[in-house]
Amino acid sequence: MDLTDWRETIMCYCAADSFEPEELKARLQDDQDWNDEFRYAFEAALANGGFNPAEWTRDLNFQFRSEQEIAKWLRGIFNFVYFSGSAPNAPSQ
């Protein structure tokens with residue numbers, strides 16, 4: 001899975017009109033191969049950064065003011081999907 005595929009998946013499950021991180025977690029748990037690929041790409045995205053707030057705001061329909069804000073939100077999703085706790089809240093629209 002490349003970062004484009006990873007980003008499209010995040011946008012599918014975590015956009016304003018389809019904010020379902022619980023569904024993403026369940027689907028990843030059902031398919032170990034996809035889970036491994038997705039996790040690898042997710043970790044790469046978090047390590048590389050480069051999140052453009054204007055693009056992410058446009059594509060997800062959430063208001064992001066900075067790359068750090070996007071990274072923090074994505075880390076919350078990552079921690080929920082791969083560790084424990086409750087799903088992160090959706091950012092403001």
Side-chain angles (χ1 to χ4, degrees):
M1 171 177 283
D2 65 22
L3 291 181
T4 301
D5 292 340
W6 169 83
R7 184 176 165 147
E8 288 175 3
T9 301
I10 287 293
M11 291 180 185
C12 177
Y13 287 97
C14 297
D17 62 346
S18 61
F19 190 72
E20 298 176 346
E22 297 90 351
E23 179 73 19
L24 174 60
K25 184 174 185 170
R27 290 192 178 230
L28 288 166
Q29 290 173 342
D30 287 343
D31 185 338
Q32 192 58 48
D33 290 334
W34 185 51
N35 181 29
D36 292 345
E37 291 177 29
F38 188 80
R39 183 173 184 157
Y40 179 81
F42 207 152
E43 289 172 336
L46 290 173
N48 294 334
F51 306 115
N52 180 310
E55 288 177 9
W56 280 75
T57 296
R58 178 195 69 224
D59 294 340
L60 292 173
N61 201 24
F62 288 127
Q63 188 65 35
F64 293 108
R65 295 180 298 267
S66 68
E67 179 179 341
Q68 293 79 17
E69 187 177 15
I70 299 165
K72 180 180 177 182
W73 178 69
L74 288 171
R75 275 190 214 94
I77 293 171
F78 182 86
N79 288 334
F80 166 70
V81 169
Y82 291 106
F83 297 107
S84 62
S86 58
N89 293 328
S92 62
Q93 291 185 13

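- Looking at heavy atoms from C-beta onward, Asn61 lies out of side-chain contact with Phe19 at the 4.5 angstrom threshold.
- Here the CG-CG distance, from Asp17 to Leu60, works out to 9.0 Å after rounding to the nearest 0.5 Å.
- The CH2 atom of Trp56 sits 11.5 Å away from the CZ atom of Phe62 when rounded to the nearest 0.5 Å.
- Leu24 is connected to Met11 through a chain of hydrophobic side-chain contacts under 4.5 Å among Ile, Leu, Val, Met, Phe, Trp and Tyr, so both are in one cluster.
- Within the cation-pi definition used here (under 6.0 Å to the ring centroid, within 45° of the axis), Arg75 does not qualify as a partner of Phe83.
- The CG atom of Asp5 sits 10.5 Å away from atom CZ of Phe38, with the distance rounded to the nearest 0.5 Å.
- When all heavy atoms are compared, the tightest approach of Cys12 to Ser18 is O-OG, 2.6 Å.
- Rounding to the nearest 0.5 Å places CG of Asp31 at 8.0 Å from CD of Glu37.
- Between Tyr13 and the options Glu8, Lys25, Glu22, Arg27, a side-chain hydrogen bond (donor to acceptor under 3.5 Å, both in side chains) holds for only Arg27.
- Between the CG atom in Leu3 and the CD1 atom in Ile10 there is a gap of 11.0 Å [rounded to 0.5 Å].
- Between Met1 and Trp34 the shortest side-chain heavy-atom distance falls below 4.5 Å.
- The side-chain heavy atoms of Phe78 and Glu43, taken from C-beta on, include a pair separated by under 4.5 Å.
- Atom CG of Asn48 is surrounded by more than 12 heavy atoms from other residues, nucleotides or ligands within 6.0 Å.
- Checking side-chain atoms of Thr57 against main-chain N and O of Phe64 turns up a donor-acceptor pair under 3.5 Å.
- The number of heavy atoms from other shown groups lying within 6.0 Å of OH (Tyr40) does not exceed 12.
- The local environment of CZ in Arg7 is crowded, with over 12 non-hydrogen atoms from other residues, nucleotides or ligands closer than 6.0 Å.
- For the residue pair Pro88 and Phe80, the shortest heavy atom distance occurs at CD-CB, 3.9 Å.
- Separation of atoms CG (Leu74) and CZ (Phe51) is listed at 5.0 Å; rounding is to 0.5 Å.
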